[in-house]
Asks: 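What follows is a structure written as structure tokens; I'll ask about it next.
Keep in mind that this is a model prediction, so the values were computed, not measured.
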Amino acid sequence: TGTALQINFRLHEEVLKQGSDYKALAKAALPLAELCTSVLERAFDPYQGEVIAFGTSRISLLFDGENNVERAALCALEALRCLLALQAEDSRCALDLTITLATGALWLPIVGDARQKTIGFGGEAARKALALQPKTAPGEIVIDKSTAEALGDKATCGSNAHDARLLLQLTSEIEPSHEPSPPVDLSSVENIHDAISRLEAFVIPPLSQRLRYVPNDWRTESELRNVVVVMSHVHGISYGSNEAAKALSQVFLSSHREYGGLILSVEADSSGHRICTVYGLHAPSENDAERAVMAALQVTRSIEGLAESMNADLEIRTTIHSGEIYFGAFGTEQRYGTSVFGAPLQITEALLSRPLAGQVLVTAPVAAKLKSNFRTSEQEEPLTLDNPPVALFVVERVTYGASRYMQSRAEHRIIAGRNTILREVEEIIDDAIDGKGGIIGLCGEAGTGKTFLLAPIVDRWMAGGGVSVIGHCRYS
């Protein structure tokens with residue numbers, strides 16, 4: 001058991017309506033970096049808060065051990081003071097904070113595989129803290145009944161327009177600690193599973209995969225990047241369902257990794273779990289939107305099959321939007337990590353209430369990039385968060401034979417010294433088009449032109465009406 005502290009940071013509505021406008025995003029992102037530095041130095045570290053999730057639009061912290069409720073409340077009050085001080089100093093600050101606290105059981109599953117793992121944030125306390133967020137206005141700290149009872153007479157509380165308990169101030173004898181926690185040395189751990197097992201203890205070190213100790217010269221330069229954001233909501237995973245959580249994590253990781261997506265966060269909310277994935281963050285391409293939709297459809301089919309095989313009441317809803325986000329390092333010189341921030345993330349999350357179970361909902365900017373490769377149907381009610389309103393589309397399925405990674409090259413490629421091999425392969429392709437299939441293996445050292453030789457082979461196959469699929473063995 002412990003206390004969950006949920007901090008959501010939001011763009012002001014006038015900035016959000018400007019969407020991916022460069023100046024508007026920079027106006028919000030620069031103060032955000034300053035705010036993250038301030039709350040780390042003045043709130044999280046002094047009151048020994050352990051960061052579980054950091055990124056997209058929220059920070060999730062865990063407080064456990066002695067006086068955990070009181071330390072969490074002091075941290076929340078200090079974080080709010082950090083924002084008020086920043087707003088007073090910087091007129092550019094277009095940010096708001098909503099802070100919630102809840103006490104109870106917490107579930108921190110390790111989800112992923114040997115290549116990518118992340119710590120999930122769930123359990124009774126996490127869900128209650130997240131459920132209180134819609135009842136929290138900007139600049140408010142809302143606490144649940146258990147937290148209020150634990151604080152007792154030390155806390156001065158009130159109520160807001162939603163009849164939620166507001167934490168106004170706290171009388172405490174706890175002194176903040178100004179010594180940063182030492183970094184965890186995992187350099188001597190030979191096996192990755194041994195390293196992960198050290199994180200599975202309930203009292204984890206104050207770091208996460210997105211907010212960690214690193215040398216100062218590792219700091220990432222901040223910049224704007226155009227990405228496609230995929231937000232999925234899965235309902236039906238009960239507290240402590242380790243087998244179901246493992247199966248779901250494998251589904252999401254394998255599907256999004258296959259299409260080149262990067263999973264940013266896995267978090268519980270009041271009715272399920274929310275998974276955020278981005279495409280084009282590190283390796284942008286012209287078909288990021290297509291790859292994101294293909295992965296979302298594959299995940300949806302897999303979840304439906306998983307529900308049937310496990311006899312479980314699993315449901316998934318997915319929304320996809322595109323635009324510019326701010327990507328860079330947030331934190332202090334001693335402890336920081338890379339994360340993303342921007343209107344596309346908030347818009348995609350806000351849309352999660354729109355699709356029905358099993359639907360993949362995309363915005364007009366994404367639908368425009370899909371062209372005729374997918375069958376879609378427009379929803380009657382557009383997205384009014386943007387100005388002007390943005391149309392929304394439900395993706396029904398892939399148009400047969402139209403959606404693919406490989407596109408025929410417009411210009412013919414000349415391959416010198418490979419005419420004999422090329423003729424042999426062309427004959428095999430022609431036989432396959434006539435119905436006599438086969439397998440072609442291209443072997444050679446790195447740099448000898450295997451991929452270069454493969455290009456005209458694929459073009460010839462597609463010209464004959466064949467469908468091409470490209471795969472990559474990441475363990476070779």
Asks: Is there a side-chain contact between His256 and Val299 (heavy atoms, below 4.5 Å)?
Replies: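 In contact.
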Asks: Just wondering, do Ile275 and Thr277 contact through their side chains at under 4.5 Å, heavy atoms?
Replies: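 Touching, per the 4.5 Å side-chain cut-off.
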Asks: If you measure only the distance, is there a donor-acceptor pair under 3.5 Å linking the side chains of Thr100 and Gln6?
Replies: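 Checked: Thr100/Gln6 side chains show no N/O donor-acceptor pair below 3.5 Å.
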Asks: As an exercise, state the distance from CD of Glu149 to CG of Asp144, rounded to the nearest 0.5 Å.
Replies: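 Result: 8.5 Å between the selected atoms.
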Asks: Would Val230 and Thr318 count as a side-chain contact (heavy atoms from CB on, under 4.5 Å) here? Give the steps.
Replies: CA-CA 7 Å; Val230 182; Thr318 303; 3.6 Å; yes
Asks: Does any part of the side chain of Glu78, heavy atoms only, come nearer than 4.5 Å to the side chain of Pro46, both counted from C-beta?
Replies: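 Contact flag for Pro46/Glu78 side chains = no.
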Asks: To the nearest 0.5 Å, what is the distance between OG1 on Thr136 and CG on Leu166?
Replies: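 Output value for this atom pair is 8.0 Å.
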Asks: Taking atom CD of Glu349 and atom CD1 of Ile347, what is their separation to the nearest 0.5 Å?
Replies: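 These two atoms lie 11.5 Å from each other.
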Asks: Do Glu304 and Arg301 pass the salt bridge (Lys or Arg N to Asp or Glu O under 4.0 Å) test, and can you show the C-alpha distance, the side-chain angles, and the key distance before you say yes or no?
Replies: CA-CA 5 Å; Glu304 292 171 349; Arg301 291 193 299 268; over 6 Å; no
Asks: Are any of the side-chain heavy atoms of Pro284 and Arg225 separated by less than 4.5 Å?
Replies: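 No, side chains not in contact.
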Asks: Taking the side chain as every heavy atom from C-beta outward, state whether Thr319 and Arg354 have any pair of such atoms under 4.5 Å apart.
Replies: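 They are not in side-chain contact.
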Asks: Is the shortest heavy-atom distance from the side chain of Glu290 to the side chain of Lys369 under 4.5 Å?
Replies: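 When only atoms from C-beta onward are counted, Lys369 and Glu290 do not touch, as no gap falls below 4.5 Å.
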Asks: For Gly260 and Tyr279, which heavy atoms make the closest approach, and how far apart are they?
Replies: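 Residues Gly260 and Tyr279, closest heavy atoms: C-CE2, 3.7 Å.
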Asks: Should Leu170 and Leu151 count as side-chain neighbours, where that means a heavy-atom distance under 4.5 Å?
Replies: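 Contact flag for Leu170/Leu151 side chains = yes.
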Asks: Among Leu101, Leu132, Leu167, which one satisfies side chain to side chain contact (heavy atoms under 4.5 Å, CB included) with Val142?
Replies: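 So the option named by the test is Leu132.
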Asks: Can a donor-acceptor pair be found, under 3.5 Å and without considering hydrogens, that links the side chain of Arg291 to the backbone of Tyr259?
Replies: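 Judged by distance alone, yes, a pair lies under 3.5 Å.
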Asks: Side chain of Arg317, backbone of Pro355: donor and acceptor closer than 3.5 Å?
Replies: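 At least one qualifying donor-acceptor pair exists.
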Asks: Checking side chain to side chain contact (heavy atoms under 4.5 Å, CB included) against Pro344, which of Ile325, Thr363, Val228 comes through?
Replies: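 Only one option passes, and that is Ile325.
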Asks: Applying side-chain contact (heavy atoms from CB on, under 4.5 Å) to Val360 and Phe374, what does each step give before you reach the verdict?
Replies: CA-CA 12 Å; Val360 175; Phe374 296 81; over 6 Å; no
Asks: Once you round to the nearest 0.5 Å, how far does CZ of Arg71 lie from CG of Asp64?
Replies: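 Reported value, rounded in 0.5 Å steps: 7.0 Å.
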Asks: Considering all heavy atoms of both residues, which atom of Thr348 and which atom of Met231 are nearest to each other, and what is their separation?
Replies: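 Closest approach of Thr348 to Met231, heavy atoms only: CG2-CB, 3.4 Å.
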Asks: Checking side-chain contact (heavy atoms from CB on, under 4.5 Å) for the pair Leu130/Arg274: CA distance, chi angles, key distance, verdict?
Replies: CA-CA 11 Å; Leu130 285 159; Arg274 191 168 45 229; 4.1 Å; yes
Asks: Please find the pair of heavy atoms, one from Leu314 and one from Ala307, that lie closest to each other, and give the distance.
Replies: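 Leu314 and Ala307 have their closest heavy atoms at CB-CB, 3.8 Å.
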Asks: Please report the shortest heavy-atom distance between Glu140 and Asn160, naming the atom on each side.
Replies: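 That would be OE1-ND2, 3.0 Å.
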Asks: Can you name the closest pair of heavy atoms from Ala126 and Leu106 and give their distance?
Replies: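 For Ala126 versus Leu106, the nearest heavy atoms are N-CD2, 3.7 Å.
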Asks: Please determine, by modelled atom types, if Thr103 and Thr147 share a side-chain donor-acceptor pair under 3.5 angstrom.
Replies: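 Their side chains do contain a donor-acceptor pair, which is all the 3.5 Å distance test asks for.
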Asks: Would you give the length of the straight line joining atom CD of Glu175 to atom OH of Tyr47, rounded to the nearest 0.5 angstrom?
Replies: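 Rounded to the nearest 0.5 Å, the CD-OH separation comes to 7.5 Å.
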Asks: Using every non-hydrogen atom in the two residues, find where Glu381 and Leu392 come nearest and quote the distance to one decimal.
Replies: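 Closest approach of Glu381 to Leu392: O-CD1, 3.9 Å.
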Asks: Can you find a pair of side-chain heavy atoms, one from Pro365 and one from His321, that are under 4.5 Å apart?
Replies: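 Pro365 vs His321: side chains touch.
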Asks: Mark yes or no for whether Ser255, through its side chain, and Phe252, through its backbone, hold a donor-acceptor pair below 3.5 Å.
Replies: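 No: the side chain of Ser255 does not pair with the backbone of Phe252.
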Asks: So, taking the atom named CD1 in Ile320 and the one named OG in Ser232, what distance separates them when rounded to the nearest 0.5 Å?
Replies: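 Here the rounded value is 7.5 Å.
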Asks: Tell me whether Arg397 contacts the main-chain N or O of Leu297 through its side chain, where contact means a donor paired with an acceptor under 3.5 Å.
Replies: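 Pair absent, no side-chain N/O of Arg397 close to backbone of Leu297.
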Asks: Take Ser38 and Leu86 through the side-chain contact (heavy atoms from CB on, under 4.5 Å) test and state the conclusion after the steps.
Replies: CA-CA 9 Å; Ser38 179; Leu86 182 61; over 6 Å; no
